[in-house]
Amino acid sequence: MLQLLSPTISYPSPLFHLTSHPFPPKPHFCSTHRLSFYLPPKMASFSGFLAKSQMGMTAGGGGGGDGANGFSSLMDYVGKGGLDVGDDLLVLLYHIQFACKRIAALVASPFNSALGKHSALTGATSGAAASDRDKPKPLDIVANEIILSSLRNSGKVSVMASEEDDAPIWINDDGPFVVVLDPLDGSRNIDASIPTGTIFGVYNRLKELDNQPTEEKALLNSLQSGTKLVAAGYVLYSSATILCASFGSGTHAFTLDHSTGDFILTHPSIRIPPRGQIYSVNDARYFDWPEGLRQYIDTVRQGKGKFPKKYSARYICSLVADFHRTVLYGGIAMNPRDHLRLVYEANPLSYLAEQAGGKGSDGKSRILSIQPVKLHQRLPLFLGSLEDIDELESYGDVQQKVNPGYEV
């Protein structure tokens, strides 16, 4: 019998309180950070109308759901009536999405600026692994602790490897899964209300390492090739909160219904268009780029490439947001510098891209085929439409090696 250990009402109100009272009425309480979340009553949902208008049928023809309303929740879709990912992975996913709902509330709250000013709330210091440019703000640390707590409560995770920690954390000897993640990508954009996101990947624990020292087996479990991923996803915190995930059978997106706290299937079996007309990159750095990348961008924005239409630039400078748009509309989202992390950014997003018919590349090689050698290993990243990335790679010299160290 499946037991889900988190509270029965899963979605906290966006309004939360920094409080000295340890147990206010019906909160979600995070003792580490003294945060409590008041829960709204359940209300009538319009999710059925939303999902039916976009899909026309429950779960795109697969997955369980409320037949009367014609919609499918995330847990229904991946459960026994749908993809049937297995009880262990179902419980883990429940706890991941529960944590991300709490992070969504934090990001949207008017109090998150208070978190940025009062670091004593977190009782934590920034991990040395992050660069000065990406130095974690306290909200990153809070998000990291929320996810760690949920993974511990799931009982299904042996190791968590995060951008915010110098080394992987060993959680449970018996946990069947390893989780790698960036808990809050783009957090430096929060004050400007620019979209942010959580990125995660799930591997099976390598049982052959069980007799190794804890530190060693934690690291080796975290450095698995992207080809061994069993699930991956991101959560976009924007005008809507969207969880996009794959379990090895396509890429599917679920939108959070704030009235019920459920993630509702709104984009089943996403297919990235083989071609797009959008490239996403900080082209203020054009003169630092290698000749091949400059030539490619000059060619496609003049409509002289293999696709005879002029490309447009769209750049948010938030990896999850730029990738999400690319998944829906096609094109390329890229950072040509050795900047993005292979283990918990490039691998999960490349897995999602491939499951949607797209591609993830470092400009020369398939991302998922690259064997990680360090937890915080960096590399260039090009994600998006298959034909666009193939054309980009044909220019050869597209990886930026000149890196003066940008302040902005």
Side-chain angles (χ1 to χ4, degrees), residues 131 163 180 182 185 199 201 222-229 232 234 246 251 272-301 304-307 311 313 315 317 319-320 322-323 326-327 330-406:
S131 69
E163 180 187 3
V180 297
D182 182 348
D185 177 75
I199 304 169
S222 303
L223 295 181
Q224 297 185 57
S225 165
T227 57
K228 295 182 179 180
L229 280 162
Y234 64 80
S246 177
T251 296
I272 301 175
R275 282 277 182 184
Q277 276 185 263
I278 298 172
Y279 69 90
S280 178
V281 66
N282 184 359
D283 56 8
R285 310 307 180 193
Y286 177 89
F287 295 104
D288 294 323
W289 292 348
E291 180 60 29
L293 183 56
R294 280 187 284 173
Q295 186 180 352
Y296 169 76
I297 293 296
D298 288 344
T299 300
V300 298
R301 65 186 176 189
K304 296 180 179 180
K306 294 181 180 179
F307 188 56
Y311 281 43
Y315 183 59
C317 194
L319 177 59
V320 171
D322 282 317
F323 178 63
T326 303
V327 166
I332 301 182
M334 68 181 93
N335 189 325
R337 294 190 295 136
D338 287 332
H339 180 68
L340 296 172
R341 285 75 164 188
L342 172 60
V343 171
Y344 41 79
E345 292 176 330
N347 269 338
L349 296 185
S350 295
Y351 181 82
L352 290 166
E354 288 195 7
Q355 287 291 320
K359 188 172 182 178
S361 171
D362 70 349
K364 295 180 179 180
S365 305
R366 178 190 182 211
I367 290 291
L368 297 184
S369 68
I370 299 172
Q371 176 60 51
V373 294
K374 296 188 295 184
L375 180 61
H376 301 289
Q377 180 176 338
R378 296 174 183 263
L379 79 175
L381 181 60
F382 303 85
L383 295 162
S385 296
L386 182 62
E387 293 177 16
D388 282 318
I389 293 184
D390 284 345
E391 182 176 358
L392 169 81
E393 290 178 335
S394 72
Y395 284 76
D397 187 16
V398 297
Q399 296 179 332
Q400 178 186 338
K401 298 303 181 183
V402 176
N403 183 2
Y406 306 132

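Side-chain contact between Ile278 and Thr326 is absent, with no heavy-atom pair separated by less than 4.5 Å. Within the 4.5 Å cutoff, the side chain of Pro274 has no heavy atoms near those of the Leu386 side chain. Here the side chains of Leu319 and Tyr234 are not in contact, with every heavy-atom distance at 4.5 Å or above. Between Ile199 and Val180, the closest side-chain pair of non-hydrogen atoms is not below 4.5 Å. Between Gln400 and Pro290, some side-chain heavy-atom pair lies under the 4.5 Å cut-off. You'll find the side chain of Asp283 reaches within 4.5 Å of the side chain of Trp289, heavy atoms only. With contacts defined as side-chain heavy-atom distances shorter than 4.5 Å, the pair Gln224/Val343 does not qualify. His376 is not listed as a side-chain neighbour of Arg378, based on a closest heavy-atom distance of 4.5 Å or more.
Taking CD1 of Ile272 as the reference point, atom CD1 of Ile332 lies at 11.0 Å (rounded to 0.5 Å). In this structure, the separation between CG on Leu368 and OG on Ser225 is 7.0 Å, given to the nearest 0.5 Å. How far CG of Leu223 is from CG of Leu375: 6.5 Å, rounded to the nearest 0.5 Å. In this structure, the separation between CE on Met334 and OH on Tyr279 is 8.0 Å, given to the nearest 0.5 Å. In this structure, Ile389 CD1 and Phe382 CZ are separated by 8.5 Å, a value rounded to the nearest 0.5 Å. Atom CD of Gln377 is separated from atom CD of Gln371 by 8.5 Å, given to the nearest 0.5 angstrom.
The shortest heavy-atom contact between Gly226 and Tyr351 is O-CD1, 4.5 Å. Pro380 approaches Asp338 most closely through the heavy-atom pair CD-OD1, 2.8 Å. A pairwise comparison of heavy atoms in Arg294 and Tyr286 identifies CD-O, 3.3 Å as the closest pair. Considering every non-hydrogen atom in both Ser280 and Tyr315, the closest pair reads OG-CD1, 3.6 Å. When all heavy atoms of Leu383 and Ser350 are compared, the closest pair comes out as CD2-OG, 3.5 Å. In terms of heavy atoms, Pro372 sits closest to Asn347 at CG-ND2, 4.3 Å.
Using modelled atom types, no side-chain atom of Tyr395 and backbone atom of Glu291 make a donor-acceptor pair closer than 3.5 Å. Looking at Ser385, its side chain never comes within 3.5 Å of a backbone N or O of Gly330 through a donor-acceptor pair.
With sequence neighbours left out, the side-chain hydrogen bond (donor to acceptor under 3.5 Å, both in side chains) criterion links Asp185 to no other residue. The salt bridge (Lys or Arg N to Asp or Glu O under 4.0 Å) check on Glu354 picks up Arg366, with sequence neighbours excluded.
Listed by first and then second residue, the salt bridge (charged side-chain N to carboxylate O under 4.0 Å, His left out) pairs involving residues 355-364 are Lys359-Asp390, Lys359-Glu393 (not counting sequence neighbours).
Residues Lys306 and Asp388 are not paired through a salt bridge, judged by the lack of any N-O separation under 4.0 Å between the basic side chain and the carboxylate. At a threshold of 4.0 Å, the pair Arg341-Glu163 counts as salt-bridged, since one of the basic side-chain nitrogens sits closer than that to a carboxylate oxygen.
Between Glu345 and the choices Asn335, Leu379, Leu381, Leu340, the side-chain contact (heavy atoms from CB on, under 4.5 Å) rule is met once, by Leu340.
Atom NZ of Lys374 is surrounded by 12 or fewer heavy atoms from other residues, nucleotides or ligands within 6.0 Å.
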